[in-house]
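Have a look at the structure below before the remarks.
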Amino acid sequence: MTYYFTSEVPDLKTVEPGKTKLTENKMIAAFCLANPLEEPHYWFPCDFGSDGTVQYHELFKDAFKESCEGKKGFVYAAEAEEDEVYPSGEIVTVCYPKKELAVTDCEEISDLYEWLMENEDMGRFRLYTFEQHTRQELLLWDNSILRYLAKNTMIDNPENPYAEFVQKKLSKVWEKYRKLCGR
């Protein structure tokens, strides 16, 4: 089975066991280059359509372009059997290799935004812009973010990269969270 991962480092020859996040979906791997947060935090407002296609949802105006434009890196591929990987426990489609794997392919990305838009044109993922969402859909995403904030008790750590991102980009969600926490 082919697994993908991304890196800003060129010419990788192997995948390190237990460290490199892998996914069977090339688009999910590419979104890792667009993550605006420091690990171990992620900002991937994605889900899957009924046909299995990855869908990226903008939760504020121009979010997709802001997170992708000008980013560079490489999409690597490696072959592994299902028993040679284990789930990350963080994101459903993400796993880690149990042993060192050889890189079998590499694609350079000079501008992630342009690359992803070309892939959207080819039907490899769908972008739902902020303007395309109904108020109800955005409220569902807000609730998902609120659950994550609460689960990770971010009210006690507002300097956390995820909490700071929400405060800056989705201030109404942060304010709702503060009120729910009685602050």
Side-chain angles (χ1 to χ4, degrees), residues 1-59 63-65 67-128 140-141 143-145 147-152 154 160-162 165:
M1 182 174 304
T2 303
Y3 290 91
Y4 300 95
F5 69 99
T6 53
S7 177
E8 294 177 0
V9 178
D11 303 318
L12 294 178
K13 303 295 182 212
T14 60
V15 180
E16 289 187 50
K19 291 186 178 182
T20 305
K21 293 179 176 91
L22 303 172
T23 177
E24 295 173 45
N25 190 298
K26 192 174 189 178
M27 296 301 102
I28 297 277
F31 290 138
C32 291
L33 287 173
N35 185 16
L37 303 177
E38 298 170 23
E39 287 193 37
H41 303 286
Y42 304 95
W43 182 259
F44 300 118
C46 296
D47 60 15
F48 294 91
S50 59
D51 63 354
T53 302
V54 177
Q55 303 176 137
Y56 186 100
H57 299 271
E58 279 193 328
L59 303 183
F64 186 74
K65 189 171 188 176
S67 67
C68 299
E69 192 170 47
K71 301 267 176 92
K72 300 175 184 183
F74 303 87
V75 176
Y76 290 96
E79 298 297 320
E81 298 299 321
E82 281 188 50
D83 64 349
E84 294 177 317
V85 299
Y86 63 93
S88 71
E90 302 153 358
I91 303 170
V92 176
T93 60
V94 176
C95 59
Y96 290 104
K98 292 180 181 177
K99 66 176 194 165
E100 184 174 280
L101 302 173
V103 168
T104 58
D105 194 27
C106 175
E107 181 178 353
E108 184 173 1
I109 298 174
S110 58
D111 185 300
L112 182 60
Y113 178 74
E114 291 176 12
W115 187 87
L116 285 168
M117 295 312 294
E118 289 170 11
N119 277 276
E120 186 195 28
D121 289 344
M122 291 184 263
R124 294 185 178 140
F125 90 98
R126 288 185 200 100
L127 170 62
Y128 287 98
L140 291 172
W141 280 102
N143 288 336
S144 175
I145 295 164
R147 283 191 301 277
Y148 186 84
L149 291 167
K151 176 184 170 194
N152 292 283
M154 291 193 187
N160 171 297
Y162 188 95
F165 183 81

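Position 1 is the first residue of the sequence, and the numbers go up from there. Just so it is clear, the values below take in all heavy atoms, side chains as well, and ignore hydrogens, waters and symmetry mates.
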What distance separates L33 CG from F74 CZ, expressed to the nearest 0.5 Å?
9.5 Å

What I'd like to find out is whether the side chain of Y128 reaches to under 4.5 Å of the side chain of D47, using heavy atoms alone.
no

Just to verify, what does D83 make a side-chain contact (heavy atoms from CB on, under 4.5 Å) with, not counting sequence neighbours?
E81

Would you check if there is a donor-acceptor pair between the side chains of T2 and E79 at a distance under 3.5 Å?
yes

With distance as the sole test, does N152 use its side chain to make a donor-acceptor pair with the main-chain N or O of M154 at under 3.5 Å?
no

Is it the case that the side chain of T6 and the backbone of C32 share a donor-acceptor pair, with hydrogens and angles ignored and the cut-off at 3.5 Å?
no

In this structure, OG1 of T20 is separated from OH of Y76 (nearest 0.5 Å) by 10.5 Å

Taking all non-hydrogen atoms of both residues, which atom of W141 and which atom of L59 are closest, and how far apart?
CG-CD2, 3.5 Å

Give a yes or no on this: more than 12 heavy atoms of other residues, nucleotides or ligands lie within 6.0 Å of atom NZ of K98.
yes

Test side-chain contact (heavy atoms from CB on, under 4.5 Å) on T93 and I28 and set out the steps.
CA-CA 8 Å; T93 60; I28 297 277; 3.8 Å; yes

What heavy-atom pair brings Y86 and G18 nearest, and what distance separates the two atoms?
OH-CA, 3.5 Å

To the nearest 0.5 Å, what is the distance between CD (E82) and CD (E24)?
6.5 Å

Which residues pass the side-chain hydrogen bond (donor to acceptor under 3.5 Å, both in side chains) test with T53, sequence neighbours left out?
D51

Evaluate the ring planes of F31 and F64, with Trp represented by its six-membered ring, and classify them as parallel (under 30°), tilted (30 to 60°) or perpendicular (over 60°).
perpendicular

Would you call the rings of Y42 and F44 parallel, tilted or perpendicular if under 30° counts as parallel and over 60° as perpendicular?
parallel

Sorted by chain and number, sequence neighbours left out, side-chain contact (heavy atoms from CB on, under 4.5 Å) with P17 holds for E100

Checking S67 now: which residues fulfil side-chain contact (heavy atoms from CB on, under 4.5 Å) with it, not counting sequence neighbours?
A34, Y56

Run the numbers on L22 and L101 for side-chain contact (heavy atoms from CB on, under 4.5 Å), then give the verdict.
CA-CA 11 Å; L22 303 172; L101 302 173; 4.0 Å; yes

Would you name the heavy atoms of L116 and A30 that are closest together and state the gap between them?
CD2-CB, 4.1 Å

Say whether, by atom type as modelled, one donor and one acceptor occur between the side chain of Q55 and the main chain of R126 under 3.5 angstrom.
no

Using every non-hydrogen atom in the two residues, find where K65 and E58 come nearest and quote the distance to one decimal.
N-OE2, 4.2 Å

For C68 and D111, which heavy atoms make the closest approach, and how far apart are they?
O-OD1, 4.5 Å

Smallest separation among heavy atoms of Y162 and L37, with atom names
CD1-CD1, 3.5 Å

Do V103 and K13 make a side-chain contact, defined as non-hydrogen atoms from C-beta onward lying under 4.5 Å apart?
no

Partners passing side-chain contact (heavy atoms from CB on, under 4.5 Å) against K71 (at least two apart in sequence or in another chain)
L112

Residue pairs, two or more places apart or on separate chains, that pass salt bridge (Lys or Arg N to Asp or Glu O under 4.0 Å) and touch residues 113-123:
none

F5, Y4, Y3, Y96 screened by side chain to side chain contact (heavy atoms under 4.5 Å, CB included) with K21, the one that passes:
Y96

